[in-house]
Amino acid sequence: MFDFVRNHTRVVLGIMVLLIFPSFIFFGIQGYSRFVDGTNDTVAKVNGQSITRAEWDAAHQRAVDRLRAQNPKLDAKLLDSPQAKRQTLEQMVRERVLLAAANDLHLWPDDDRLQRLFVNDPQFAGLRNPNGSVNDQLLAAQGMNSQMLAQQLRQEFGMRQVMSGITDTAFASTAAAAPALDAMLQRRELQYQRFDPASYRAQIDPSDADVEAYYKAHLDAFKAPEQAKIDYVVLDLAALTKGVTIPEEDLRRYYDENANLYTDAEQRRASHILVKVDPDASAAAKQAAKKHAEDLLAELRKNPGSFAELAKKESQDPGSAAQGGDLGYFGRGTMTKPFENAVFAMKVGDISDIVTTDFGYHIIELTGIRGGTKKPFDAVRADVEAAVRKQIAQKKFADAAEQFTNMVYEQSDSLQPAIDKFKLDKQSATVTRTPAPGATGALASAKLLNAIFANDVLRNKHNTDAVEVGPDQLASARVVQYLPEHVMAFAEVKDQARARLVADLAAARAKSDGEQRLAALRKDPAGTLPTTATVSRRAAAGVPPQVVEAALKADASKLPVLVGVDLGSQGYVVARITQVLPREVQPGEDDVLRQQYAQAWADAESAAYYAALRKRYKAEIMDSVLTASGAAASSAAP
């Protein structure tokens, strides 16, 4: 099944887009009403029904698996963060709220309407057979049948109906939208001066005592995250053939049987004369074009050396005619099939008979052949041996993976049995709960790191279970030493503390000088500021976004007006707004902006309606339970 998913990613992703609410893949309307009531595992409630931690974990894992399948390079830390898990829970609550509302409002489509929706909606094309029926083979690959799909789509359509009365009726008149857009997109001309902390750093030289005092006042900033020193092993294809000697005759047999892998692709160079004719042209037009091509061929048969000259004069291919019909070198699969078949059946110097393609009638001259030669065995011996080793390893891997998995579990107090049996290299590393920047291989696997920091592995020093860390790669690790989160000693971070103190002091001086400049300008409005810019919310003109926002929010009823903006570690900016300018309108832009404005209102109204539904169905996330369980998990770690 997983091979099917990998090989049909676009279709499967289409299904996942259609089935917006994956938490209900195996729950029908009746299943919705059978969720167990509150237990200690309850993390949320909707309409008196519970969402358990197990359901939450399963839903989040499905979401993570989907995202990783779509984008293998996605940062695992983003997927497994508390924020991502909370988002999954919020989505589950939303689904339950909409299901409850759809049920109460009787919004489920009947069988006839569901069939019409399925047959007529283009987004379901990937799920339909040519006759409009459901593609049962595709569904079976996903562990589903047509009844499950129908129930799932019925729920999805019902939930969509709950919100569509608001989301699909958004409208904004010009009279309503124009003032809002003018206010949002107006431009303001300003003068400003930036006080950059970098220009102050050279003036600051704190004493060691000052640095140590800063360190003691900011201990949280100098904490080292929890770490584990581990030993780990990786079972992969290379490990399974380590030390294996492959007879020379086996290598030569593979080389001979797979000669195409070690042969340079043959390329051919040809010139042609094209007499164009549209495939839909009349029979008379086609006959006339073919007659002209036959006349040209007859001329070439009398004088083959005139091919280039005749091509320049007669060929109707604008890309090659000027070059005497020369198409350069090309390989198989480049040209249309009739053209290719003719070229690769010719000898150098041959001129073909008339070749018919969708472009018209061709006369072809073969002018060169290159490639097509087999590389000597000695030149590719290393590649042949690598390929044979891979074949051997792939045949062994399934059985070896099962043995490895059982061994690291059943003999969980040591990795040595697995090392001895499979001749693995024991590796060591220091890791945290998330992959280090630039980590590769097993150490980049969030699954392995999660297993390493599991309570049983940390507390009892057991092996982790075998974890798939890549294609045909399993890994297991054990903790040699656990280092809890701790404040690093002053000696370790003295330089870091000094740099932070200098940065803070420089930012403080920049802010102080900026505030003094702002006060001076308020006393003497004639004072000048060095830089001028015209800014808007969509054109910052190089001005920091905080300054742009402050300038646009300032009361411009009496100009000029001064603002001071604290940028924190980035310094301080004093700005004077001197002029308010109308927004620039591009041709046709107003219609687009008005639609965006209407959509913003629809989003706001939808959010308000959903909030009302949450209240009606008493939707609640048990933050106290989540906080308590998080604290318990932290205290359980050694």
Side-chain angles (χ1 to χ4, degrees), residues 166 170-200 503-609 611:
I166 295 174
F171 174 78
S173 66
T174 302
L181 293 174
D182 287 341
M184 177 63 67
L185 300 176
Q186 69 174 217
R187 298 172 297 148
R188 294 193 175 187
E189 187 179 278
L190 55 86
Q191 302 165 350
Y192 69 97
Q193 180 176 356
R194 183 166 185 169
F195 295 82
D196 190 346
S199 62
Y200 294 86
D504 286 358
L505 292 175
R509 289 194 186 181
K511 180 181 179 181
S512 177
D513 284 359
E515 288 174 338
Q516 291 180 36
R517 178 63 175 153
L518 179 62
L521 287 170
R522 283 174 174 160
K523 291 180 180 178
D524 179 15
T528 60
L529 293 169
T531 308
T532 301
T534 299
V535 300
S536 69
R537 285 186 171 87
R538 60 181 178 181
V543 178
Q546 303 96 312
V547 178
V548 173
E549 197 62 26
L552 292 170
K553 286 182 176 180
D555 182 1
S557 57
K558 294 183 179 180
L559 295 177
V561 61
L562 290 164
V563 294
V565 183
D566 184 2
L567 301 179
S569 62
Q570 301 302 310
Y572 194 90
V573 172
V574 177
R576 177 193 284 125
I577 297 91
T578 58
Q579 190 175 1
V580 175
L581 303 171
R583 64 185 175 98
E584 292 181 316
V585 180
Q586 303 298 326
E589 183 183 45
D590 260 9
D591 289 341
V592 175
L593 290 175
R594 192 162 60 250
Q595 291 173 7
Q596 293 174 350
Y597 175 79
Q599 186 59 53
W601 268 113
D603 291 344
E605 291 175 346
S606 297
Y609 181 50

Decide yes or no for [X] and [Y]: does some side-chain heavy atom of the first lie under 4.5 Å from some side-chain heavy atom of the second?
X	Y	value
Val547	Arg194	no
Tyr200	Leu505	no
Leu593	Leu185	yes

Report all side-chain donor-acceptor pairs from residues 553-564 shorter than 3.5 Å, counting only partners two or more places apart or in another chain.
| from | atom 1 | to | atom 2 | distance (Å) |
| --- | --- | --- | --- | --- |
| Asp555 | OD1 | Ser557 | N | 3.0 |
| Asp555 | OD1 | Ser557 | OG | 2.9 |
| Asp555 | OD2 | Ser557 | OG | 3.3 |

Where do Tyr572 and Ala510 come nearest, in terms of heavy atoms and distance?
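Reported closest heavy-atom pair: CB-O, 3.7 Å.
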**Heavy-atom closest contact (Ala507 atom, Ser569 atom, distance)** =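 What the structure gives for the nearest pair is CB-CA, 4.2 Å.
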* Nearest 0.5 Å, what's the CG-CD distance between Asp566 and Gln546? ->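 Here the interatomic distance stands at 9.5 Å.
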*Once you round to the nearest 0.5 Å, how far does CD of Gln570 lie from CG of Asp196?*
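The CG atom of Asp196 is 7.5 Å from CD of Gln570, to the nearest 0.5 Å.
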*Got a sec, which residues hit side-chain hydrogen bond (donor to acceptor under 3.5 Å, both in side chains) with Glu549, two or more places apart in sequence or on another chain?*
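Partners of Glu549 under the side-chain hydrogen bond (donor to acceptor under 3.5 Å, both in side chains) test: Arg537.
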With [X] via salt bridge (charged side-chain N to carboxylate O under 4.0 Å, His left out) - residues at least two apart:
X	result
Arg188	none
Arg517	none
Asp504	none

Identify all side-chain donor-acceptor contacts of residues 518-536 below 3.5 Å with residues at least two apart in sequence or on another chain.
| from | atom 1 | to | atom 2 | distance (Å) |
| --- | --- | --- | --- | --- |
| Asp524 | OD1 | Ala526 | N | 3.3 |
| Ser536 | OG | Arg538 | N | 3.4 |
| Ser536 | OG | Ala539 | N | 3.1 |

Okay, side chain of Ser606, backbone of Ala602: is any donor-acceptor separation there less than 3.5 Å?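 Checked: pair present.
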